[in-house]
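To start, the structure itself, in C-alpha cells.
Below, all heavy atoms of this structure are taken into account, side chains as well, without hydrogens, waters or symmetry copies. Numbers here are sequence positions counted from 1.
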Amino acid sequence: MEKAILVANNPFIWVIACLIIAVIAFQGIIFIRIASKTSASVGLSQHEVKTSLRVGAINSIGPSLGIMIIAISLITLLGNPLTLIRIGIIGSAATESMGASIAATSFGTELGSSSFTSQAFTTVAWVLCLGGCGWLLFVALFTKHLGKFQSSITNKTKDKGFPIMIIISTAAMLGIFGNLLTQELFKGYESVIVIIAAAITMIVVTLVANKFRKLKWLHEWSLGLAILTSLSVIYFII
C-alpha cells in the first residue's frame with residue numbers, strides 16, 4: 001500500500017492533475033463568457049444572467065459537500081492527484097468510488113489493503129479514466145446534433161404556442177430525481193424522513209418567495225436550504 005501511495009503522489013501525476021484542472025477552469029470561464037454574450041439572443045437580460053450564475057453557484061454548495069466527504073476518503077486510498085483529476089472531470093464521487101472498488105476487486109485486492117500494490121493502483125487509474133471516456137465522447141460527438149434537434153423541435157412548435165422543450169426538460173428532471181428518490185425510499189425510514197423534510201422545505205421556501213417580493217432571493221437558496229434542513233432533521237431528531 002505504501003508503494004502505491006508513493007506512485008499515486010508522484011510529482012509527474014501532480015503536473016498532469018494541475019494541467020487538467022487548469023483546462024477545466026479555462027473551459028468554465030469561456031463558457032460563462034459565451035453564455036453572457038449570447039444571452040440577449042434568447043431574451044435574457046444581464047440581470048437575469050447574473051442571477052442565474054449566482055443561483056448556480058449557491059446551489060452547487062450543497063451537492064459539493066457530499067462530493068468533498070467522499071473525495072477525502074478517496075485521497076487516503078488513491079492519493080491526491082488522481083482524486084483531484086477524477087472528481088474535477090466527472091464530479092460523481094459515488095461513480096468514482098464504485099469504479100475504483102470494482103477495479104481493485106478485479107485485480108484481486110481491495111482499496112486500502114496491504115495487497116494494494118502500485119500495479120493495482122495503475123489498474124484503478126486506467127479503469128477510472130477509460131470509464132469516464134464514454135461521457136466525454138458523447139458530449140463531443142452528439143452535442144451539436146442534439147442542439148440542431150432541439151432547434152428543429154422548437155421551431156416546429158413555436159407558432160402553435162406549445163412549449164415542448166419546457167415540457168421535455170421538466171419531465172426529464174422529474175424522471176431523474178424520481179429515480180434517485182425511489183432508490184433512497186427503500187433504504188429505511190430515515191431516508192423517507194429526509195426526503196419529506198427536504199420536500200416540505202422546498203415547498204415552503206418557494207411559496208414564501210412567490211408571495212413576498214422582497215424575499216424573491218429565497219429562490220436562489222431553496223435547494224441549499226432544503227439540503228441543510230433535511231440534514232439537520234436527520235441529525236438532531238433521528
**Fill in**
Between the OG1 atom in Thr123 and the CZ atom in Phe116, the distance rounded to the nearest 0.5 Å is 8.0 Å
**Asked** To the nearest 0.5 Å, what is the distance between CG (Leu128) and CD1 (Ile102)?
**Response** 10.0 Å
**Prompt:** Between Val204, Thr206, Val205, which is the residue that forms a side chain to side chain contact (heavy atoms under 4.5 Å, CB included) with Val208?
**Reply:** Val204
**Prompt:** Who are the side-chain contact (heavy atoms from CB on, under 4.5 Å) partners of Ala226, not counting sequence neighbours?
**Reply:** Ala198, Thr201, Met202
**Request:** Output the distance between atom CD1 (Ile234) and atom CD1 (Ile195), rounded to the nearest 0.5 Å.
**Result:** 10.5 Å
**Item:** Residues in side-chain contact (heavy atoms from CB on, under 4.5 Å) contact with Ser52, at least two apart in sequence or another chain
**Value:** none
**Item:** Thr122: partners by side-chain contact (heavy atoms from CB on, under 4.5 Å), with sequence neighbours left out
**Value:** Trp126
**Item:** Counterpart residues, side chain to side chain donor-acceptor pair (under 3.5 Å), relative to Thr109 (two or more places apart)
**Value:** Ser113, Ser115
**Item:** Pairing residues for Val49 by the side-chain contact (heavy atoms from CB on, under 4.5 Å) criterion, not counting sequence neighbours
**Value:** Ser36, Ser39, Leu44, Leu53
Throw together a table of side-chain donor-acceptor distances under 3.5 angstrom for residues 8-32, partners on residues two or more places apart or in other chains.
unit_1 : atom_1 : unit_2 : atom_2 : d
Asn9   : OD1    : Asn80  : N      : 3.2
Asn9   : ND2    : Ile5   : O      : 3.2
Asn10  : OD1    : Phe12  : N      : 2.8

**Prompt:** Which pair of non-hydrogen atoms, one from Ser230 and one from Val194, has the smallest distance, and what is that distance?
**Reply:** CB-O, 3.5 Å
**Prompt:** Excluding sequence neighbours, so at least two apart, what forms side chain to side chain donor-acceptor pair (under 3.5 Å) with Glu110?
**Reply:** none
**Message:** Run Phe107 and Thr117 through side-chain contact (heavy atoms from CB on, under 4.5 Å) and show every step you take.
**Reply:** CA-CA 10 Å; Phe107 190 82; Thr117 62; 4.0 Å; yes
